[in-house]
Amino acid sequence: MVETTISVIKADIGSLAGHVIVPDFIMEFARKKMKEGVEKKIINDFYVTHAGDDLELIMTHFKGENNEEVHKLAFDTFMEGTKIAREKKIYAAGQDILSDTFSGNVKGMGPGSAEMTFEERKSEPIVVFMADKTEPGAYNLPMFRIYADPFCTAGLVIDPNLHDGFIFVIQDILKEIPCYLEMSCPEEMYDLLALIGSTGRYVIKKVYRKDGMITGVVSTDKLHKIAGKYIGKDDPVAIVRAHSGLPAMGEVLEAFTIPHMVSGWMRGSHAGPLLPVALKDSKCTRFDGPPRVIALGFQVSNGMLVGPVDLFDDVAFDITRQKGLEAMEYMRRHGPFMPHRLHTEDMEYTTLPLVLEKCANRFIEGEIDIAKKIKDTSESAE
Ligand code: 13P
Ligand code: 13P
Ligand code: MG
Ligand code: MG
């Protein structure tokens, strides 16, 4: 039985009037490149969209993960798209392209990727989540809720196919050489939470059903680890399969209703609520945010994509968005103060150390008495 691979490969190669939206002509160009990919039989099918300023290539094929031809098709699309963006002087053209020589795979070159390979079921509903102005750990909380929280996923309690739970693969994304750990839920739930609460370090990479069926995957590429400095956030994507022995689509989407706090937003340096939004609202403006996520649902059918349906385009998420907007307003009032501004260690790769450097050598040991200093100065002037 031939297995289908879904490859979602994304990059910010330039955006309109700031970090807001991918220009239409870049989207059109990407569609043209994807069509050529179909004609050359590199991929079977595709859907091109954008999460704010990130260009998203959703591709299907029978070539498996990390396939050189598929990755090169995406990489060439980003490289040539960057050239067009530069010609038009689009803002931050080529932002996520950190190397211009392709070496078999987009990993470590700037773009983010999530890929999943499976034997198609009788019916194969999937959702692709695409976020802007945040980082891979933003999916930790919803992924946990989908696969381990019975207050989100009713099927964990009432469906015998889900009742045994799921296996989470966690990645330590601060390690140069990728390091992974597996944890079984519900048995190891508290240990799992002890790790994944640290969203900047321990990230859910994959989720499997106990019988080995792959059900969820997240892109974990870290831009600043590759670039050595801040150039933009990692703006992660995730692929989740739903139904027939897995959490239902409604249970998967329910996980995004808090709306929880994530890192990113302005200059990648602020915490804010992750808003689930329709495609029409997939653009970050206020303080370059707040962070947001779109969800496109597809049926995968004999290696092709049927759809999409814009899953967060539903009034039922208005209450989540309203709560998120109130949280946004509250967080913004903190201005440059933590916890709105991120913790010092998260600021290490931003431009803040350049500012702090100037202050560092002005610290002296012992107390400072300004009144005495002024008095001494005026006395010596007399
Ligand atoms: P992106 O990561 O979406 O490019 O945003 C960068 C940024 O600094 C926004 O303030
Ligand atoms: P500029 O230096 O272009 O203003 O960029 C700021 C920014 O958006 C950081 O990501
Ligand atoms: Mg950008
Ligand atoms: Mg972005």
Side-chain angles (χ1 to χ4, degrees), residues 8-23 26-27 30 48-58 74 78 81-82 84-86 88-98 106 109-114 128-139 173 199-200 218-238 262-277 279 281-294 328 331-332 335-336 340-342 346-355:
V8 183
I9 306 187
K10 46 90 36 184
D12 177 345
I13 56 167
S15 45
L16 274 190
H19 295 281
V20 183
I21 198 165
V22 177
I26 297 281
M27 303 267 285
V48 172
T49 188
H50 74 98
D53 62 359
D54 291 81
L55 176 62
E56 312 276 352
L57 311 176
I58 302 169
F78 297 143
T82 292
I84 301 171
R86 287 206 173 115
K88 288 211 188 279
K89 293 174 68 179
I90 296 303
Y91 181 68
Q95 178 184 283
D96 291 357
I97 307 300
L98 305 180
V106 295
M109 307 192 79
S113 64
V128 182
F129 291 105
M130 292 157 275
D132 189 27
K133 306 296 181 276
T134 188
E135 60 178 12
Y139 292 118
I173 56 171
T199 46
V218 175
S219 67
T220 51
D221 313 84
K222 273 304 254 183
L223 268 182
H224 81 267
K225 282 301 268 183
I226 307 164
K229 64 172 191 313
Y230 180 74
I231 48 157
K233 267 289 176 197
D234 318 297
D235 299 340
V237 293
V262 298
S263 298
W265 208 345
M266 173 55 72
R267 296 171 190 268
S269 308
H270 294 82
L274 184 67
L275 294 189
V277 295
L279 257 180
D281 294 316
S282 181
K283 57 173 184 232
C284 292
T285 56
R286 182 171 173 186
F287 202 56
D288 285 1
R292 55 197 79 191
V293 57
I294 54 168
M328 166 195 74
M331 291 304 277
R332 277 305 300 129
H340 180 34
R341 201 217 71 193
L342 298 183
D346 290 315
M347 301 298 291
E348 273 168 18
Y349 60 92
T350 70
T351 44
L352 182 66
L354 299 174
V355 178

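A quick note: this is a predicted structure, and the numbers were derived from the prediction, not measured. As the structure lists them, so they are numbered: ligands from 1, and atoms in each ligand from 1. Because only heavy atoms are used, hydrogens play no part in the values below, and waters and symmetry mates are left out as well, while side chains stay in.
- The atoms of ligand 1 that sit less than 4.0 Å from any heavy atom of D53 are 1 (P), 3 (O), 4 (O).
- The Mg ion (ligand 3) is the vertex of the angle joining OE1 of Q95 and OD2 of D12, which measures 90° to the nearest 10°.
- For the pair OD1 of D132 and OD1 of D53, the angle whose vertex sits at the Mg ion (ligand 4) is 90° to 10 degrees.
- Of the protein's non-hydrogen atoms, the one nearest atom 3 (O) of ligand 1 is K133 NZ, 2.7 Å.
- Of all N, O or S atoms in H19, the one lying closest to the Mg ion (ligand 3) is ND1.
- If you number the atoms of ligand 1 from 1 as listed, the ones under 4.0 Å from a heavy atom of Y230 come out as 6 (C), 7 (C), 8 (O).
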(Q) Could you walk me through whether E135 and K233 satisfy the salt bridge (Lys or Arg N to Asp or Glu O under 4.0 Å) test, starting with their C-alpha distance in whole Å, then the side-chain angles of each, then the deciding distance to 0.1 Å, before giving a yes or no? (A) CA-CA 6 Å; E135 60 178 12; K233 267 289 176 197; 3.6 Å; yes

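- Atoms of ligand 1 lying under 4.0 Å from at least one heavy atom of K233, given by number and element, are 2 (O).
- Ligand 1 places these atoms under 4.0 Å from at least one heavy atom of Q95: 1 (P), 2 (O), 4 (O).
- When the options D53, D12, D235, D54 are evaluated for a salt bridge (Lys or Arg N to Asp or Glu O under 4.0 Å) with K133, the one that passes is D53.
- Distances below 4.0 Å separate heavy atoms of G232 from the following atoms of ligand 1: 2 (O).
- Using a 30° and 60° split on the angle between ring planes, Y349 and Y230 fall in the tilted class, from 30° to 60°.
- The angle D54:OD1 - the Mg ion (ligand 4) - D235:OD2 amounts to 90°, with values rounded to 10 degrees.
- Relative ring orientation between H340 and H270 is described as tilted, the plane-to-plane angle lying within the 30° to 60° band.
- Residue K225 places its NZ atom among more than 12 non-hydrogen atoms of other residues, nucleotides or ligands, all under 6.0 Å distant.
- Ligand-side atoms of ligand 1 in range of W265: 9 (C), 10 (O), range being under 4.0 angstrom from any heavy atom.
- Residue-ligand proximity: F287 is placed with every non-hydrogen atom at 4.0 Å or more from ligand 1.
- Rounding to the nearest 0.5 Å gives a distance of 6.0 Å between CD1 of I231 and CD of Q95.
- Between the D221 side chain and the D234 main chain, no donor and acceptor come within less than 3.5 Å of each other.
- Atom NZ of K222 sits in a crowded spot, with more than 12 heavy atoms from other residues, nucleotides or ligands closer than 6.0 Å.
- Between the side chain of T134 and the backbone N or O of S263, at least one donor-acceptor pair lies under 3.5 Å.
- Residue D288 has at least one heavy-atom neighbour below 4.0 Å for each of these atoms of ligand 1: 9 (C), 10 (O).
- For ligand 1, the atoms lying closer than 4.0 Å to a non-hydrogen atom of M266 are 10 (O).
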